[in-house]
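Below is one structure, written out as structure tokens; the observations come after it.
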Amino acid sequence: WAVTRGMEKGYFARREFSFTLRDDIYVRYQSFERPQDLEKELQKACPYKVDIGAVYSHRPSQHNTLRSGAFQAQEKELVFDVDMTDYDDVRGCCSSAEICSKCWTLMTIAIRILDRALVEDLGVQHRLWVYSGRRGVHCWVCDDTVRKWSSSLRSSIVDYLSLVKGGADTVKKVHLSDPVHPFISKSLRLVEEYFEQYALLGQDILGCRESWDKVLALVPEHILLPGSSCLSLRLGEGLAAVGACSSSSSKKLPSYTEQEIMLQFCFPRLDGNVSKGLNHLLKSPFSVHPKTGRISVPIDIQRLEQFDPFAVPTISSLCRELDEANDEDKDKENEEDPESRRRVRDYKRTSLAPYVRVFECFVEDMERARRGELLRRSDLQGDF
Amino acid sequence: MVLKIVENLGVKYLKGTDEYKSKLEHELRKLKFPYKALAEDDYDARRKDHISHFILRLAYCQSEDLRRWFIQQEMDLFRYRFNELSDPLVQQFLEYVNLLYEPISKDVKKRLKDELFMSTPGLSAEKVEEQSFYKIPLQDAQDLIRVRRVLLNYGFALVPHQDMVVIILNNYRTKLSKALAVAAVIGKLHRTGRRDVCGGVPTWLRKHWSKAQAHGGDLSVLSLTARSLPAVQSDERLQPLLNHLSHSYIGPDYSAQKNTGKISLEQIDALSVKSYPICMRQLHKALRENHHLRHGGRMQYGLFLKGIGLTLEQALEFWRSEFIRGKIDADKFDKGYAYSIRHNYGKEGKRTDYTPFSCMKIILSNPPSQGDYHGCPFRHSDPELLKQKLQSYKISSTGISQILELVKGMHYQLACQKYFELTHDVDDIGFPLNHPNQYFVESQKLLSGGRELKKEMSHPGSSQLKPTSQESINSSSATTTSNNEADTELEGLDEYFAED
């Protein structure tokens, strides 16, 4: 990946990496002339975590030698971070860093909605979805044009993709009005595919008074009919009953209450700061999560429903699988290393293999596109 | 001047309403600037428009604040002019500025008909059928994307014709911002005497350049621009003008001698309540209470008094009598303070006849610190204190909230205009306020019944005060002969603006 990106001279050398070392020591502005140098340093320093940052105007390791203002971030992949913790107000099974198979559906929904928007609305071709290792997913968008997007454009895109607004003191976080933008209606259709199974059955949002009160809190007052007719909600028919309430409302206002509730429970919640900044650093795919030991593996979106975060290999399980004991615990393994073929074969023997395969496909696609682009350009220029 | 009017009107009337439009047209007509998209006729008006724009670019590029103000007004003016364009002219314009966006084909539009309708509020289904939709790359359509008021389709925003103004404004804003950044660097270049940029780039320039680069400038543009700005390269004439232009007040400078001697010292207390702008009222009150004013206050108030007609002898008596009641004895006054009063009147030192400060100058320069009473209360006073002061001046509470709103929006001169309206009990001040002495003169006129009030400005009472570029430059070069170098430079520029 890093090598295929090495189109221009020195591109790799101007990429920032950061390491988290023992005792939580964090070092930024690491840069390397060649991928081999990065690998050597990784083996030497054994960082717990490796983050990838932007490609700058100059080698990051020399940024102190430059006049202020001269060292600028020039390019970076567009990244997204969806964190389960941000959904705590709407999931009942877990909270904060915990996840379970019931609430993992939220990530599935998030990936489907965001990926559709990336491809169909924003015209993205090369994107990699990665399990963060604990409680969320990341997305790396690597198209050449997207890497050059300004910070303000990224910010506008984040706004475009955001529907759930408000913090702890906002009860109702989604408001829809006419006309409903196709982005919203298409996202809704995706949510509807999952909603009954996820929310009504899995999360049981109408199963007890405490839960359904939370739902009813999202229904505007003029729609709730007085009396108990609305409050006797039965499982499975629950939301339909709320829907009936809203459509039989005496006021002729077009009401999107049903949709607003569904979106508040399921629509993806992005961490905007991760996506907006050109110089933001994000955990590298295939790094080890310090708290769970799980590897941040790429997710095969063709088999999204089958992805199980609990089946992702941990570093210890990998080590067990490897016969060789030459790596210490929590050492980061660099699968991009082309030199040590033995290593690569080892990976293929472990349960990391399918994930590596996903990654390789992704890189191959990018390579192919790049070759095609080069050909096109040289045709235009008449080069041979 | 055009831009100041644009700003004024932008605050008074909701932008885009018919009232705004007709007022703007009226004002532009008065200044003989193009108010409609003109075809080839009226070349002169367009030329003047062009030139004044570029001169303002040079003048307003130096600080972030100035740049922001300039860009904001230019945007508003552009939006107004663009919306007046007919459709074929819009097409021509797009081609002219090289914003070659393609419209989507009929087939594509048909396929996306419903989605287009649902993504563009304000467009009926019929309009969707009629209007062209243009394929805009994402980075050019950020404003629309951010609020989800446009359809996105595989990396492009499909913008209807009627929203194109937003796209173009974005484009213009970016270009103008870059150009101003470049101009700022060139300005610095010339100020330090380094004119040759065609060769290597000196290291000191690199330092400033990274700032400009943050705005998207680049070195090749810099050298190109340097070569194509012959006006700037002929330096001395234009530089001082530019330095002063953005802070300059264009209008009568009130150092005119014609009204001297008409005020008597006994009247001053009463006048301070009736006809002083709030800044001078505050200074006068502080002087009476403390029997003293610090340097900033003495300058601002002293020159104001000169402007309203106090003679040197009167001024000396005025200040002396007040200071003596404080801690200063007569001798000390004569030795220390008298000199500087005489200096103000041009009787000492280099004998420059100083002009009273305009509002711009008071607002922008020399902010007051603890123990000072000068400056502009709307700008420099804490809103709570300002409120109390206005209450003590018996301004109505609705009036006070109106004033505070304007202050919040940083429209200090408009706040003062409101103050005028409230203290003189008129609906509309009738002129844009730029100078404390102007306030005084107008107030006196009003109180002595010399002018029509509530109705909107008609020429007779105001033509001498409504500063039109040519008149003002003529008058200022006439009255302030040796005031400062800028004025002599102004004469050279007369030809640009003089109408036949």
Do [X] and [Y] have side chains that approach each other closer than 4.5 Å (heavy atoms only, starting at C-beta)?
X: A/Asp159; Y: B/Val147; answer: no
X: A/Ser155; Y: B/Arg146; answer: yes
X: B/Glu115; Y: A/Lys186; answer: yes
X: B/Ile145; Y: A/Ile157; answer: yes
X: B/Met118; Y: A/Ser185; answer: no

| said: Surrounding CD of B/Glu102 (heavy atoms of other residues, nucleotides or ligands, distance under 6.0 Å), is the total greater than 12? | reply: no
| Proximal component of A/Tyr160, with respect to chain B [non-hydrogen, under 4.5 Å] | both
| message | So for A/Leu118, is it side chain, backbone, both, or neither that comes closer than 4.5 Å to the heavy atoms of chain B? | response | neither
| said: Apply side-chain contact (heavy atoms from CB on, under 4.5 Å) to residues A/Phe183 and B/Leu151 and explain how you reach the verdict. | reply: CA-CA 8 Å; A/Phe183 167 75; B/Leu151 181 66; over 6 Å; no
| query | Any side-chain donor paired with an acceptor under 3.5 Å for B/Gln142 and A/Ser152? | reply |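 Judged by distance alone, the side chains do pair up.
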| request: Would you please test B/Leu152 and A/Leu122 for side-chain contact (heavy atoms from CB on, under 4.5 Å) and show each step? | output: CA-CA 7 Å; B/Leu152 294 189; A/Leu122 304 180; 3.6 Å; yes
| remark: One should read off an interatomic distance between A/Ser156 OG and B/Leu144 CG, to the nearest 0.5 angstrom, of 10.0 Å
| query | Short question: side chain of A/His181, backbone of B/Arg149 - any donor-acceptor pair under 3.5 Å? | reply |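 No, because the side chain of A/His181 does not come within donor-acceptor range (under 3.5 Å) of the backbone of B/Arg149.
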| query | Does the B/Arg148 side chain pair with the main chain of A/Ser162, one donor and one acceptor, at a distance under 3.5 Å? | reply |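 At least one qualifying donor-acceptor pair exists.
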| field | Exercise: identify the closest heavy-atom pair between A/Val119 and B/Tyr154 | value | O-CD2, 3.3 Å
